[in-house]
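Following: one structure in structure tokens, then a few remarks.
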Protein chains: 4
Amino acid sequence: MNQPRTKRGEQTKAKLLAAAEAVFAEQGYQAASISRITERARVAQGTFYLYFSSKLDLFEQLVDDLNRRVRKAMSDGAARGANRAEAEREGFREFFAFTAEHPALYRVVREAEYVSPGAMRRHYERIVEGYRDGLTRARAAGEIGDVDPEVAAWALMGVGEMIGMRYVLWPTGDDGAFGSGATPVPDDVFDEMVAFVQRALGTAASTAAAATGQDPTTQHSTSQHSTTERATAHVKEDS
Amino acid sequence: MNQPRTKRGEQTKAKLLAAAEAVFAEQGYQAASISRITERARVAQGTFYLYFSSKLDLFEQLVDDLNRRVRKAMSDGAARGANRAEAEREGFREFFAFTAEHPALYRVVREAEYVSPGAMRRHYERIVEGYRDGLTRARAAGEIGDVDPEVAAWALMGVGEMIGMRYVLWPTGDDGAFGSGATPVPDDVFDEMVAFVQRALGTAASTAAAATGQDPTTQHSTSQHSTTERATAHVKEDS
Amino acid sequence: MNQPRTKRGEQTKAKLLAAAEAVFAEQGYQAASISRITERARVAQGTFYLYFSSKLDLFEQLVDDLNRRVRKAMSDGAARGANRAEAEREGFREFFAFTAEHPALYRVVREAEYVSPGAMRRHYERIVEGYRDGLTRARAAGEIGDVDPEVAAWALMGVGEMIGMRYVLWPTGDDGAFGSGATPVPDDVFDEMVAFVQRALGTAASTAAAATGQDPTTQHSTSQHSTTERATAHVKEDS
Amino acid sequence: MNQPRTKRGEQTKAKLLAAAEAVFAEQGYQAASISRITERARVAQGTFYLYFSSKLDLFEQLVDDLNRRVRKAMSDGAARGANRAEAEREGFREFFAFTAEHPALYRVVREAEYVSPGAMRRHYERIVEGYRDGLTRARAAGEIGDVDPEVAAWALMGVGEMIGMRYVLWPTGDDGAFGSGATPVPDDVFDEMVAFVQRALGTAASTAAAATGQDPTTQHSTSQHSTTERATAHVKEDS
DNA sequence: AATGAATGAGAGTTCATTCAT
DNA sequence: TATGAATGAACTCTCATTCAT
């Protein structure tokens, strides 16, 4: 409920947040009990209420915190790109990396509609806001086609969320249970998805690459699978 | 637990499923209690266990049932389209209509990760399967670009889900609560989204329209924003 | 929460009410826990909430029920009196008898200010109403002096409550703990109190006795139940 | 736990007692938490246990303190009276004034049966002791009738408590909640109550007045009901 | 087929109290 | 003297599920 006023208190609150993230990721918000969280944090149950007024309060603090961090990661990634196309690619790369490292955010937000609609909307809207502003600037700069930034931003959000869910969070097995080691998106899927998005937006490099016949997939460094070259080459041929 | 053996039993089970859908839509799966469902169905609590072995069983039956119906609606919509582009458009139209009419499906599936991962994956995979098969055929027929049908199908699923969430289910106000009357997607947003998808897929008509610069928005009446003019250029030619 | 719909349910609710009265009498409302009540009633904790929506609901039902019964007892007692003075005496006699038998009412009502102010006021006001109506009629009939029925009724209520607390409920010892066997008011105290009240009201017999210098307290023996016949026998002689 | 040894300590303890009185008055003993009390006193929770060994200890210290002060107020009031009748009247006046100013005492004592029966009995017995001694002396002096001082003292206590509760503490509205501004007893009710008591005791002036039939109510202004005329007949003669 | 009473584990939360600083 | 973090037992209440009728 109150902010910690001593170092010890700060540490305790941090322990609780970390434990909560872990427990939420494992069991989800509803199934996670305060007692399991405090147990994992190795504090007494009563201690929880020193720093959070309720389970919901914890939830909202955690979502807001993770949301801030995922947006930071995404914009840092985008900033790393030398051009619009690279910025898009790197933003998504960071998004998936964050998802792999913090599955709690992802899962808990999807569960949040009935828990805290406000927190859920805030989460999506803030990410979309980032997309939208980037798209608006890019359109003004002629780097992308004449898309509606708002609608496109929501569409991008959807693509990222669904691809993330399918390829980052789902276990490879077919048993429907969650494996412990969430894997990042495979390179070929990632490239395919980026190409999908860039065609949808009419991103310049993509178009240019299509025009020049260059294979734009060479521009990224960390590709691990050889199957991705073909990913967006077709665009030119199609047009 | 068993299938009803009499007409009366069938009606009772149907009442329970309808009540469950309504209660789930209002409160979500976790918050919905058997007693609230039986109350709404106007049967005694014990009656519930005549037809469902557990709350989870009900959940899975309901999700599977709604999934079957939404896929039917989508494929009926797509079949109505005279060409590929129209099929895409009409499929989405039905998807959003179904979402507006059955918010329970939507909301409950998002909550389902920790309730029944199997049911959740099955739901998405079945829809994606439909997309994928359609895309595979369309690509073979040269109606769309050279996209990976699997990845593109997941991306489409993501776009549909997110646009549906944002524009069909969220109330217009900013209060974060859910209004009672879910509204279908506004026309201009719908057009913009369809155009986004068609550019991403390289749907034939779309590309052609983009090339000729024609404005085909006259085909539907209620478009409101100027950003949509180019979105569906192909339709005219198609018609 | 709901009324029982079967015989078994009725019995269970009755068991709960009886157990609650006993536990409230022993420990008071605040200290009594639902689990102690259900334990005493030999039902599961959850059963409690079949018939009461909360601890407070139980409290209010119990207070209202006991209030109804104490007023019945008092008015039955008063009706037994052959004249005004006897009616007063017998009403008080029943009040103390009820207090001895149902200490829960007494104790719980005094605790109720912060629990359910409404229930507390209702309790007192209903009893006072009975007094007030009786006094109003008595004054009209010239059986008592010219007192304000409302204020006098509250004063009577106060006398009864305090004498009851002191002489019925308090243990004889000085240790401040509660004995198990609450004793009814000793005869001499009872007579003294009745005389006090009758002087205050100017009850006919009392005044007459005062005038003639007789000591009306001598008229009765120490018996409590069967000895009452003669209790107000003098009244007639006095008048 | 210990008595404060410094000026600062004394102030802190005083702050705690004042805060406790306020919180008890607002919420009652059971609902009042140490943390709310220390919060209101603007000290840390741990500080509480420097001066009180437990919540119960605080309770008993507070009750004893307030008891001392109410008895002082009452006996000061009584001493102001020029004769027996006036002493009675002024004692009650102070009692109600104290009740209005310190509702905590009143309310908390009624709640105390299960909290600290000892403190409760002590509270009542000390006040009754004062009444009893006064009545004993008055009877010896022939100022009142031949009443049993002990029983009459308890009856007076009851009258005072009930009238105080009804007319001082209860809000005028019918909503059953407590208003913030407790009002002292209205004049007419006060007069009526004093008359009731004086008739019960056979206070000299009262009897005399009754005999002469004089109306002495003109002495105070706000009398509202006609039923009070005869109530304080003696006063005139006394003045 | 249908009822509704009964269960009991487990949830979130509060609180008087202790203790290291 | 004063702080505030930490404790853990105990509380009220909910719920999916079982069972006798």
Side-chain angles (χ1 to χ4, degrees), chain A residues 1-2 4-13 30-38 43-56 58, chain B residues 2 4-13 30-38 43-56 58, chain C residues 1-2 4-13 30-36 38 43-56, chain D residues 2 4-13 30-38 43-56 58:
Chain A
M1 182 106 71
N2 299 307
R5 247 166 274 201
T6 67
K7 274 240 170 87
R8 192 184 175 202
E10 246 169 85
Q11 286 169 352
T12 302
K13 180 168 184 180
Q30 305 268 11
S33 65
I34 305 288
S35 78
R36 256 184 283 253
I37 293 170
T38 52
V43 300
Q45 275 204 59
T47 302
F48 179 88
Y49 292 91
L50 250 33
Y51 304 108
F52 306 98
S53 64
S54 66
K55 193 184 172 187
L56 181 59
L58 160 68
Chain B
N2 299 306
R5 254 172 266 234
T6 69
K7 270 229 175 102
R8 189 183 172 201
E10 239 170 274
Q11 285 170 351
T12 302
K13 179 166 184 180
Q30 304 269 10
S33 64
I34 304 290
S35 78
R36 257 182 285 248
I37 292 169
T38 53
V43 301
Q45 274 200 70
T47 302
F48 179 88
Y49 290 87
L50 253 32
Y51 303 106
F52 304 97
S53 65
S54 66
K55 191 183 176 188
L56 182 59
L58 159 68
Chain C
M1 184 107 68
N2 300 306
R5 246 166 275 198
T6 66
K7 273 240 168 88
R8 191 181 174 203
E10 246 170 84
Q11 285 168 353
T12 302
K13 180 168 183 179
Q30 305 267 11
S33 63
I34 305 288
S35 78
R36 255 184 285 251
T38 52
V43 300
Q45 277 203 57
T47 302
F48 179 88
Y49 292 91
L50 248 32
Y51 304 108
F52 305 98
S53 65
S54 66
K55 194 183 171 185
L56 181 58
Chain D
N2 300 306
R5 254 171 267 236
T6 68
K7 269 226 173 107
R8 191 183 172 200
E10 238 168 275
Q11 285 170 351
T12 303
K13 179 166 183 178
Q30 305 269 11
S33 63
I34 305 290
S35 78
R36 258 183 284 249
I37 292 170
T38 53
V43 301
Q45 274 201 68
T47 302
F48 180 89
Y49 289 87
L50 255 32
Y51 303 108
F52 304 97
S53 65
S54 67
K55 193 184 173 187
L56 182 58
L58 159 69

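In what follows, chains are A, B, ... by sequence order, proteins preceding strands, each numbered from 1.
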How far does CD of D:Gln45 sit from OG of D:Ser35, to the nearest 0.5 angstrom? 5.0 Å
C:Asn2 and C:Tyr51 have their tightest heavy-atom pair at O-CD2, 3.6 Å
Quick check on side chain to side chain contact (heavy atoms under 4.5 Å, CB included): which of D:Ile37, D:Thr38, D:Leu50 does D:Val43 satisfy it with? D:Thr38
Output the rounded distance in Å from CG (B:Leu58) to P (F:dA16). 11 Å
Quick check: closest heavy atoms across A:Leu58 and A:Phe52, and the distance to 0.1 Å? CA-CD2, 3.7 Å
How long is the gap from CD on C:Glu10 to NZ on C:Lys7, to the nearest 0.5 Å? 7.5 Å
If a protein heavy atom is under 4.0 Å from the base, mark B; if only from the sugar-phosphate, S; if neither, -; do that for nucleotides 11-21 of chain E going 5' to 3'. SSBBSSBB---
Straight-line distance of B:Ser53 OG to B:Phe48 CZ, nearest 0.5 Å: 8.0 Å
Of all heavy-atom pairs linking C:Pro4 and C:Gly9, the shortest is CB-C, 3.3 Å
Pick the closest DNA chain F nucleotide for A:Ala44 and for D:Thr6 by heavy atoms, then say which residue is nearer the 5' end. D:Thr6
Assign each of D:Thr12 and A:Gly9 to its nearest nucleotide of DNA chain F by heavy atoms, then name whichever residue's nucleotide is nearer the 5' end. D:Thr12
Shortest non-hydrogen separation from D:Gln30 to D:Lys55 and the atoms involved: O-NZ, 3.4 Å
Using C1' atoms of five pairs at each end, report the bend of the helix from E:dA2-F:dT21 to E:dT21-F:dA2 rounded to 10 degrees. 10°
Grab the CG-P distance between B:Leu50 and E:dG4 for me, whole Å please. 14 Å
Pick base, sugar-phosphate or nothing for C:Tyr51, based on heavy-atom distances below 4.0 Å to the nucleic acid. sugar-phosphate
Nearest whole angstrom, please: distance from the P of E:dA2 to the CD of B:Glu10. 11 Å
